[in-house]
Asker: 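So that we are looking at the same thing, I have put the structure below in structure tokens.
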Amino acid sequence: MKKEQKYAPAKIEKKWQKKWAAAKIYKTKEGGKTGNKSSPQDKYYVLDMFPYPSGEGLHVGHPKGYIATDVVSRMKRMQGKNVLHPMGFDAFGLPAENYALKMKKNPMDLTAKNVKRFKDQLEILGFDYDWSREVNTTDPKYYKWTQWIFLQLFKKGLAYESFEPINWCPSCKTGLANEDIENGRCERCGTPVEKKPMRQWVLKITDYAERLLNDLDAKNNDGKPLLDWPESIKEAQRNWIGRSEGALIKFRFQGRTLEVEVFTTRPDTLFGVTYLVLAPEHKLVQELLADVENRKEVEEYVSKARLETEIERTDVKKEKTGVELKGIKAINPANNEEVPVWVADYVLADYGTGAVMAVPAHDERDWEFAKKFDLPIKDVVRHVWGNKLPNEEFRKSVCAIVRNKKDGKILLLKWKNGEKWISPVIGGVEDRESYEDAAVREVLEETGYKAKIVEPISFEIDSHFFATHKGIARHRTIKHFLLETNEDSHVGVSKKESEKHELFWTTLDDAISCITHSDNKIGLQGIKSGNYSYIGEGVLVNSGQFNGKNSEEVKKEITDFVGGKWVTKYKLRDWVFSRQRYWGEPIPIIHCGKCGVVPVPEKDLPVKLPKVKSYEPTGTGESPLAAIKNWVNVKCSKCKGPAKRETNTMPQWAGSSWYYLRYEDPKNAKKLVDPNKEKYWSPVDLYVGGAEHATRHLIYARFWHKFLYDIGVVSAIEPFKKLQNVGLIMGEDGRKMSKRFGNVVNPDDIVNAYGADTMRIYEMFMGPFDQQISWSTSSMVGARRFIERVWKLRKHTASEEGEAPTGRVDKILHKTIKKVTKDIDDLKFNTAVSSLMIAANELEKVKSISREQFEILLKLLAPFIPHVADELWTGFGNKRSIHVSGWPVCDEKLSAEEKVTIAVQVNGKTRGSFEALIDIPDDELKNKALSLPEIKKWIDGKVLKKTIVVKNKLVSLVASDLS
RNA sequence: GCCCGGGUGGCGGAAUUGGUAGACGCCACAGACUUAAAAUCUGUUGAUCCUUUGUUGGGUCGUGCCGGUUCGAUUCCGGCCCCGGGCACCA
């Protein structure tokens with residue numbers, strides 16, 4: 001080794017990348033029976049979400065996840081695992097196609113170029129991918145199997161043609177899946193999505209909803225979760241799948257045989273139904289139309305609703321609209337009451353049955369609708385406060401909220417009874433007096449204000465409580481009212497009343513927070529929200545034989561009573577799988593005039609995507625492929641008669657739904673994956689990628705995997721054992737890195753200026769891996785300094801006959817081995833790097849270290865800074881690369897501390913500390929603590945009341961004054 | 001609105017069966033080296049008050065806010081506020 005060789009990353013990095021490639025040290029050994037004999041316990045499959053090679057190129061944020069898997073895979077390899085760490089490209093789909101259209105290039109050529117550029121950019125970072133296993137979703141050898149999976153789905157009835165209206169992006173000119181929509185807009189281009197009826201292929205993902213949901217919480221035999229995934233991703237999937245249980249209940253129509261079925265999660269409120277609502281698209285609307293008195297009005301409403309975009313339609317703030325089907329009445333099966341039937345767009349056609357029973361008293365949306373159209377509101381669930389008490393005295397009472405007409409302030413009473421109560425006007429209802437009269441009378445008596453009732457706010461609520469000031473248990477039935485008054489209507493108040501409480505005016509918000517009893521707040525909360533429906537649980541009233549029962553407990557009983565069915569519904573929709581675009585896998589289907597829909601025989605796969613001159617989307621519901629006559633026109637594979645190919649293509653998410661399996665056996669021409677190899681490698685042990693894939697890629701892949709499991713292609717029920725999210729790297733200005741903001745940092749520039757190793761270790765060090773964080777080039781220099789110090793540390797090594805290794809060095813090293821190993825396993829790279837820095841700092845302080853000791857440090861560093869590590873490693877004369885050497889193992893004996901610092905606290909505050917041998921008895925620690933001068937100072941003249949000793953940690957003394 | 005994360009110095013962050021808050025790094029400041037600068041090395045670096053001017057020693061406060069449990073709370077409990085994300089007219 002030359003003595004004063006300077007650290008020059010540019011020189012060593014290229015050199016090592018070539019050497020590694022030449023020596024094939026990262027080539028994965030074959031698994032399974034066909035391969036080596038290593039057992040599945042020795043394998044480790046670590047996977048990145050493969051990139052979508054856009055034309056934009058990389059910024060420093062993109063490789064962060066790849067660096068992490070690289071670190072993990074390198075450690076696992078050194079630990080003797082058979083590591084599979086592959087990389088490939090997801091290149092079909094809208095983004096590439098739109099970009100190609102913009103650039104006026106063929107997407108096929110452009111994709112090849114982008115992939116090349118992407119690979120070059122990845123290569124300079126020194127990753128350990130086994131490129132011999134590279135996959136590309138646009139390669140016919142690959143998409144042959146994507147098409148094959150589609151055929152299997154078709155055979156099982158899980159791929160079907162549908163003519164239902166779907167989401168259509170008028171700008172991208174294609175249909176979209178529910179998952180491709182963000183707040184009513186196309187996720188790609190932001191254009192508001194329209195509903196468009198058209199023929200399309202749909203995958204029945206809803207058949208798997210239950211399993212997709214349940215397996216999120218499944219446990220292994222050892223009680224650990226089957227999916228070691230971030231809770232946020234699991235939660236996002238639960239929300240997306242959106243399971244809810246409820247009842248299907250049939251309503252007959254007055255004077256006809258027709259029935260309508262509604263779905264409700266609240267069959268307990270059935271007696272409170274005051275009208276029925278059908279979605280505008282509901283079939284029955286058309287069927288009933290002939291007998292509807294206001295037919296024209298209804299028709300107009302329905303066609304208007306069809307034209308609305310998703311955004312207009314689902315805007316929560318929008319006022320409710322609807323039209324009554326005049327002359328049509330439905331019959332409530334619970335009490336045979338006739339209720340009107342309405343059409344309104346607040347009912348969604350594609351959830352539940354597209355029809356709902358409206359219970360305005362107990363549903364906010366129905367309440368709003370009923371208020372607007374002046375429909376009756378019938379209370380059937382009574383809100384109850386507190387539990388029934390013995391010997392209750394029953395009272396009907398009112399809670400009168402008085403509002404000042406001028407400034408909207410609310411009148412409250414501050415009670416002088418010593419309990420510090422604050423309440424609105426409350427009082428009992430006299431015999432033969434109405435609630436309304438009582439409210440007005442009480443306000444006048446207690447406050448001296450003449451007030452008028454504006455509206456009742458709630459139905460009766462029940463309150464059970466113990467009136468401490470009177471010493472009796474009470475049961476009140478309370479009704480809240482809103483009244484209005486103005487200051488000049490004050491007529492004075494009796495002395496008796498003014499002794500009881502004083503009056504004050506305050507704002508609505510303030511009133512809600514200062515009222516002392518929550519049963520008196522309900523009215524005010526209703527006024528604040530503008531909605532007086534009660535959606536909580538309670539006791540049934542006005543519900544015939546079910547009166548007095550708890551609403552939660554009575555749900556199934558009422559369902560049975562009316563012959564309803566208890567069912568489970570999901571928000572998850574079937575996966576709209578057709579795209580009317582060029583750049584995707586052709587759907588392997590033939591349409592024959594005689595035979596109908598015919599699957600392409602498996603032996604004819606792949607159905608290759610033909611080269612075309614014009615791949616502009618047509619917007620007609622046909623893809624550009626429809627124009628290629630010699631491709632479209634084929635012989636029917638059944639009857640050999642003239643037929644046409646399906647011209648729709650698959651969505652972007654098709655190829656990525658199974659690619660992880662192909663890495664296990666990338667060249668297999670006969671099978672998607674060899675079962676032995678699949679058994680050996682599956683599942684993926686660690687999967688790293690962005691959280692934005694929570695409800696698309698990760699749901700689709702789980703769905704396909706479960707299907708492949710069902711048809712015996714794969715052996716595990718879930719594809720990805722552990723999932724780790726990578727946090728975005730933002731620009732230095734805290735915004736997303738984007739050309740638009742001019743804050744893009746290019747990895748090539750960073751590597752040129754500082755070296756790949758510096759960029760790698762900095763990205764691992766900058767913060768918790770899964771957290772979003774801003775790039776900081778100035779912070780990164782610390783990483784470069786650290787590498788320089790390690791570089792210099794090599795001079796620190798003693799010559800062969802040098803000094804004997806000290807215990808201190810071994811202790812530092814073995815503690816570091818333990819920490820770094822655990823941290824990498826837990827993907828806490830920032831603290832792993834931090835402990836490596838600490839170790840290097842410590843080693844610098846020591847006079848000299850042995851070669852073996854330095855090599856331990858190098859091995860721990862190797863996953864993070866592979867080039868420097870190998871350069872220094874071979875500098876010591878090692879022949880084989882450090883990356884195929886063994887990972888150090890912590891020797892607990894060497895890493896154990898014999899001395900610890902004991903903290904001493906007096907009355908909970910740390911007042912001193914001392915060094916002590918490990919594990920010495922409590923008594924000795926206590927005595928030593930008491931003898932310290934800085935401690936004596938605090939306990940002199942006091943009585944020691946208690947002593948707490950925590951082994952190897954602290955002594956806590958509790959002392960108090962003598963008196 | 002519902003659900004899931006999170007809130008710690010000038011900055012990124014560390015510390016979890018409750019036990020010395022601020023590891024590690026950046027920035028900043030001071031010193032060494034240098035004709036000089038850069039680089040490098042050494043040291044200081046939460047706020048505030050007292051003491052010292054023999055240059056140090058010590059007190060109080062401090063992990064979003066308020067309250068509670070405890071000898072002791074960033075950590076546990078109750079109530080709020082703010083930020084990020086998911087879902088949202090899903091009956």
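Each chain gets a letter, A, B and so on, in the order the sequences are listed, and its residues count up from 1.
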Asker: For B:U40, does OP1 or OP2 lie under 4.0 Å from any side-chain N or O of A:R785?
Answerer: yes

Asker: Indicate, with a heavy-atom threshold strictly under 4.0 Å, whether A:I838 touches base, sugar-phosphate, or nothing.
Answerer: sugar-phosphate

Asker: If we call it a pair only when both distances are under 3.5 Å in a Watson-Crick or G-U wobble match, what pairs with B:C24?
Answerer: B:G12

Asker: Would you mind reading off the distance between A:N239 atom CG and B:G5 atom C1', rounded to a whole angstrom?
Answerer: 13 Å

Asker: When you measure only distances, ignoring hydrogens and angles, does the side chain of A:S956 come within 3.5 Å of the base of B:C71 through a donor and an acceptor?
Answerer: yes

Asker: Counting Watson-Crick and G-U wobble pairs only, both distances under 3.5 Å, name the nucleotide matched with B:G1, or none.
Answerer: B:C87

Asker: Look at the side chain of A:K234 against the base of B:C4 and say whether a donor-acceptor pair falls under 3.5 Å; ignore hydrogens and angles.
Answerer: no

Asker: Does some side-chain heavy atom of A:V958 sit less than 4.5 Å from a side-chain heavy atom of A:N907?
Answerer: yes

Asker: Could you tell me how far apart A:W367 (CH2) and B:G1 (P) are, to the nearest whole angstrom?
Answerer: 17 Å

Asker: Salt bridge or not between A:D345 and A:K318? Use side-chain N to carboxylate O under 4.0 Å.
Answerer: yes

Asker: Should the pair A:K320 and A:Y346 be classed as cation-pi, given the thresholds of under 6.0 Å to the six-membered ring centre and 45° from the axis?
Answerer: yes

Asker: Take atom CD1 of A:I241 and atom P of B:C2, then tell me their distance rounded to the nearest Å.
Answerer: 23 Å

Asker: In whole angstrom, what separates A:F786's CZ from B:A39's C1'?
Answerer: 19 Å

Asker: Does the B:G19 base have a donor-acceptor partner in the side chain of A:Q905 within less than 3.5 Å?
Answerer: yes

Asker: Could you state the CD-C1' distance from A:E179 to B:C87, rounded to the nearest angstrom?
Answerer: 13 Å

Asker: Between A:K822 and A:D826, is there a side-chain N and carboxylate O pair less than 4.0 Å apart?
Answerer: yes

Asker: What's A:P230 touching, base or sugar-phosphate or nothing? Going by heavy atoms closer than 4.0 Å.
Answerer: nothing

Asker: Taking NZ, NE, NH1 and NH2 as the nitrogens, is one of them in A:E210 or A:R243 under 4.0 Å from a carboxylate oxygen of the other?
Answerer: yes

Asker: Round to the nearest Å and state the distance from A:E934 atom CD to B:U56 atom P.
Answerer: 19 Å

Asker: Mind checking A:R789 for me? I need base, sugar-phosphate or nothing, with any heavy atom below 4.0 Å counting as a touch.
Answerer: sugar-phosphate

Asker: So does A:D217 pair up with A:R238, basic N to acidic O under 4.0 Å?
Answerer: yes

Asker: From CG of A:L954 over to P of B:G18, roughly how many Å is that when rounded to an integer?
Answerer: 14 Å

Asker: Hunt down the Watson-Crick or G-U wobble partner of B:C76, both distances under 3.5 Å, from any strand shown, or write none.
Answerer: B:G68

Asker: Quick check on B:U60: is either OP1 or OP2 less than 4.0 Å from any side-chain nitrogen or oxygen of A:R911?
Answerer: yes

Asker: So, OP1 or OP2 of B:G13: does either fall under 4.0 Å of a side-chain N or O from A:Q771?
Answerer: yes

Asker: Considering every strand and a 4.0 Å limit on heavy-atom distances, what is the contact class for A:N830: base, sugar-phosphate, or nothing?
Answerer: sugar-phosphate

Asker: When the P atoms of B:A39 and B:C29 are considered, how many whole Å apart are they?
Answerer: 13 Å

Asker: Between A:K946 and B:U70, does any side-chain N or O lie under 4.0 Å from OP1 or OP2?
Answerer: no

Asker: Under 4.0 Å between a side-chain N/O of A:S529 and OP1 or OP2 of B:G1, yes or no?
Answerer: no

Asker: Can you tell me if A:Y351 touches the phosphate of B:A91, counting only side-chain N or O atoms and a distance under 4.0 Å to OP1 or OP2?
Answerer: yes

Asker: Can you tell me how far P of B:G19 sits from CG of A:L925, to the nearest Å?
Answerer: 18 Å

